Number of protein chains: 2
Amino acid sequence: MLKVNKLTDYAVVVLCDLLRGQALRSAADLAQSSGVPLPTVSKILKQLARTGLLQSARGVNGGYGFAKSPDGISMTEVIEALEGPIAVTGCIEDSGDCEHLHECPMSGHWNAVNVAVRRSLDEVRLIDMLPEARFMDPEDLSRVIVARHAPAMQA
Amino acid sequence: MLKVNKLTDYAVVVLCDLLRGQALRSAADLAQSSGVPLPTVSKILKQLARTGLLQSARGVNGGYGFAKSPDGISMTEVIEALEGPIAVTGCIEDSGDCEHLHECPMSGHWNAVNVAVRRSLDEVRLIDMLPEARFMDPEDLSRVIVARHAPAMQA
DNA sequence: CACAAACAGGACTAAAACAGTACAGTATCT
DNA sequence: AGATACTGTACTGTTTTAGTCCTGTTTGTG
């Protein structure tokens, strides 16, 4: 099936919600407006902050915001933030966890698949996942969203 | 990680072995020459025959061979034969197994991702996975392999 | 300074998926 | 008749995933 895990799926829902709202939002707030359970939202946001896609502010009035301009975020970044490098099989060169690697007739060949998949995901942006993306000019959409999130990025 | 399961990984090893050898090979034969355990090879081949990528012959001197010209087989076909349709999330439209589908803000959006991934896999052929593909002219490689497997396809 | 809001990190458990195996059945050739 | 080889299905132990919870740290407010 080549599935992405559920957490990543939710992450997109939550990120789109964050995209849609104001610059800095608390986990509780996002949980409520996205409908995803708070502990789960919290787990996702922590991970996204750890990998640098989001930035966080602690304390009262804290929350999460984008660490960089959200219109430049690709699905590759989102998926890799939550699942690690895109690798269709476990046999990644240099991973060293396959003791047959040097004798394996497939060595390096799945890599062509990994590269192809990765490239295709590079071309899908996070903001393309927004439902309103269907009805708006992509340029306008970017402008509106970037403007809305600029405060969080400067903080 | 966006992983393909292990069975699919082995399937490529076995299929490449079949590609490399003669037209019709038994499961036991393929298990031996590929190094993958027989029950596993058997499971893979059965599934590939069921989905029509391979064809099988029972009885003494039976075995498996390609059901169509092997140079036209893409990784999409191999992966889909073993794992079902490529769907990055469980929310495929029309699958009907998500009761929130009609209210889900993401509805239909992962589809862009599915399509992108699928297209990228369409462009990787099974014969590109052969180690010797690196050193040979693709045209020559196709010709040699197609000729070798023609008998199975006519049978 | 005490308290409340909010993030950080890690640990734990129940459920689901997967891998691998085994077995009983059917077809085919000699 | 008997050996070879595919077919279908069922079972089981292991691994992964999902989801939750708890304890600690940071920060703003009265």
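The structure displayed is predicted, hence computed values, not measured ones. Here is how names work: the chains are called A, B, and so on, in the same order as the sequence lines, proteins then strands, and each is numbered from 1.
Between the CG atom of L24(A) and the P atom of dA5(C) there is a distance of 17 Å, rounded to whole Å. Residue D29(B) contributes atom CG, which lies 13 Å from atom C1' of dT4(D) at whole-angstrom precision. Computed from coordinates, the L45(B) CG to dT7(D) P distance equals 9 Å when rounded to whole Å. Q47(B) has its CD atom 13 Å from the P atom of dA19(C), to the nearest Å. Taking atom CD1 of residue I44(A) and atom C1' of nucleotide dG9(C), one finds them 17 Å apart after rounding to whole Å. In this structure, CG of L82(B) is placed 14 Å from C1' of dC18(C), rounded to the nearest angstrom.
Proximity note for S56(A) (side chain, C-beta onward) versus dT7(D), dC7(C), dA5(D): the nearest is dC7(C).
Using a cut-off of 4.0 Å between Lys/Arg side-chain N and Asp/Glu carboxylate O, E123(A) and R119(B) are scored as not salt-bridged. Taking a cutoff of 4.0 Å between a charged side-chain nitrogen and a carboxylate oxygen, K6(B) and D9(B) do not qualify as a salt bridge. With respect to R143(B) and D140(B), a salt bridge is recorded, a charged nitrogen being found less than 4.0 Å from a carboxylate O. Checked for salt-bridge contact, E80(A) and R118(A) meet the test: a charged N lies under 4.0 Å from a carboxylate O. For E132(A) and R20(A), the salt-bridge test passes: some basic side-chain N is under 4.0 Å from an acidic carboxylate O.
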How would you summarise protein contacts on nucleotides 15-26 of chain D per nucleotide, using B for base, S for sugar-phosphate only and - for none, with heavy-atom distances below 4.0 Å? ---SBB----BB
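Both G63(A) and N61(B) lie close to DNA chain C; mapped to their nearest nucleotides by heavy-atom distance, the more 5′-ward contact belongs to G63(A).
Within the nucleic acid shown, A27(B) comes within 4.0 Å of sugar-phosphate atoms alone, with no base atom in reach, counting heavy atoms only.
For residues 23-76 of chain B, the ring-ring contact (aromatic ring centres under 6.0 Å, His included) pairs, not counting sequence neighbours, are F66(B)-H149(B).
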